[in-house]
Every structure is written in C-alpha cells, then in structure tokens.
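Here is the structure we will look at, set down as structure tokens.
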Amino acid sequence: MSTSDHSAVPVPASFAVTVADVELEPDDLDPGQIVSGDPVVTGKVLWESPDGKQVRGIWQITPGVVTDVEANELFVVIGGRATVVVEGGATLELGPGSACVLREGDKTVWTVHETLRKAYHISY
C-alpha cells in the first residue's frame with residue numbers, strides 16, 4: 001500500500017527522523033478497497049525524486065481488512081501487526097522489525113490486527 005499524496009516536504013538529500021514521532025496526515029483510502037472494519041490511513045512523504053519515480057515516507061493504517069494492488073516497495077514495520085496475503089503467493093505475518101518486499105502488481109489483502117506503521121521506499 002502506498003500513499004497517494006506525492007507532495008514531499010523539502011528536506012536535504014540526507015536526513016534522519018524518528019519514525020514513531022513523525023506527524024502523519026490523512027490519506028485517501030478508496031471505500032472499494034475496504035473489506036471489513038473502518039480502517040483509517042495516514043501518511044507522510046519524506047522525500048520524492050525529481051521525476052516522481054521514487055518515494056520514501058511513513059504510512060499507517062488502523063485495524064480492518066483492505067485490498068490493494070502494490071507498487072515495487074520495500075518497507076520496515078515500526079509498530080503494529082498485520083497479515084498480508086499475496087494472491088497466488090505467500091501469506092506474510094508482519095510485526096515490529098519485519099522487513100517486507102512487495103512487487104509491482106501484487107494483489108494483496110491486508111488484515112490489520114493492530115495499527116500498523118511502516119517506513120517505506122517505493123519505486124514506480
């Protein structure tokens with residue numbers, strides 16, 4: 001899952017943040033993606049390449065079940081727990097410290113058990 005807002009804050013090429021302390025902003029979640037519950041998505045783009053093909057940021061989702069079609073993404077879970085089922089592939093159990101790679105076009109179902117926050121890098 002990725003944030004749809006690609007408006008990055010101006011930051012130098014090298015920087016550090018405390019992921020748990022980054023203030024997140026509301027992010028859109030298509031109601032058609034919600035399978036159950038009332039999940040809420042927030043996020044913050046920290047950096048975006050000039051051509052828009054790489055994005056780094058923080059993303060969070062509250063409990064519920066949602067579907068998604070993924071981008072090429074590497075992320076590390078900072079807090080929370082979720083089970084991600086990749087159609088035709090693996091079932092991924094995610095928790096704090098989990099590193100995950102999703103491929104562009106992966107169709108997924110996310111069951112978020114506890115509010116999940118991740119730091120991500122997406123390549124389009």
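All residue numbers refer to positions in the sequence shown, counting from 1. What's counted below: heavy atoms across the whole structure, side chains too, no hydrogens, waters or symmetry copies.
- Contact annotation: the side chain of Pro96 never approaches that of Ile78 to less than 4.5 Å [non-hydrogen atoms, C-beta and beyond].
- With salt bridges taken as basic N to acidic carboxylate O contacts below 4.0 Å, one links Lys44 and Glu25.
- In this structure, a donor-acceptor pair under 3.5 Å is present between the side chains of Glu93 and Thr83.
- Using a 4.5 Å heavy-atom cutoff, the side chains of Trp59 and Phe75 are not in contact.
- One distance of note links NZ of Lys118 with CD1 of Ile58; it measures 10.5 Å at 0.5 Å rounding.
- Here Arg103 contributes atom CZ and Thr108 contributes atom OG1; the two are 11.5 Å apart, rounded to the nearest 0.5 Å.
- A continuous path of hydrophobic side-chain contacts links Trp110 to Ile34 [ILVMFWY only; heavy atoms under 4.5 Å].
- When the side chains of ILVMFWY residues are joined at heavy-atom separations under 4.5 Å, either directly or via intervening members, Val55 and Leu29 end up in a single hydrophobic cluster.
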- Please test Val109 against Thr67 for side chain to side chain contact (heavy atoms under 4.5 Å, CB included), starting from the C-alpha separation and ending with a verdict. CA-CA 4 Å; Val109 176; Thr67 62; 4.1 Å; yes
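- One distance of note links CD of Glu48 with CD1 of Ile122; it measures 10.5 Å at 0.5 Å rounding.
- Looking only at distances, a side-chain donor or acceptor of Thr62 sits under 3.5 Å from a matching main-chain atom of Val40.
- Under a hydrophobic clustering in which Ile, Leu, Val, Met, Phe, Trp and Tyr are joined whenever their side-chain heavy atoms come within less than 4.5 Å, directly or via other members, Val19 and Leu46 fall into the same cluster.
- Note: Cys100 SG to Leu92 CG = 5.0 Å, rounded to the nearest 0.5 Å.
- Judged as a salt bridge (Lys or Arg N to Asp or Glu O under 4.0 Å), and not counting sequence neighbours, Arg117 has no contacts.
- A donor-acceptor pair shorter than 3.5 Å can be found between the side chains of Asp51 and Ser49.
- For Glu73 (side chain) and His121 (main-chain N/O), no donor-acceptor pair under 3.5 Å exists by modelled atom type.
- In the hydrophobic clustering of ILVMFWY residues, with side-chain heavy atoms under 4.5 Å counting as a link, Leu74 and Phe15 come out apart.
- Scanning both residues, Tyr124 and Ala71, for their nearest heavy atoms gives CE2-CB, 4.1 Å.
- When side chains are defined from C-beta on, Pro39 does not count as touching Val112, because their heavy atoms never get closer than 4.5 Å.
- Counting heavy atoms from C-beta on, the side chains of Asp68 and Gln33 come closer than 4.5 Å.
- Nearest heavy-atom pair, Thr42 versus Pro26, reported as atom, atom and distance to 0.1 Å: CG2-CA, 4.0 Å.
- Heavy-atom minimum distance, His113 versus Ala82: CD2-CA, 3.7 Å.
- Between Val45 and Tyr120, some side-chain heavy-atom pair lies under the 4.5 Å cut-off.
- Residues Leu94 and Val86 are members of one and the same hydrophobic cluster, defined by side-chain heavy-atom contacts under 4.5 angstrom among Ile, Leu, Val, Met, Phe, Trp and Tyr.
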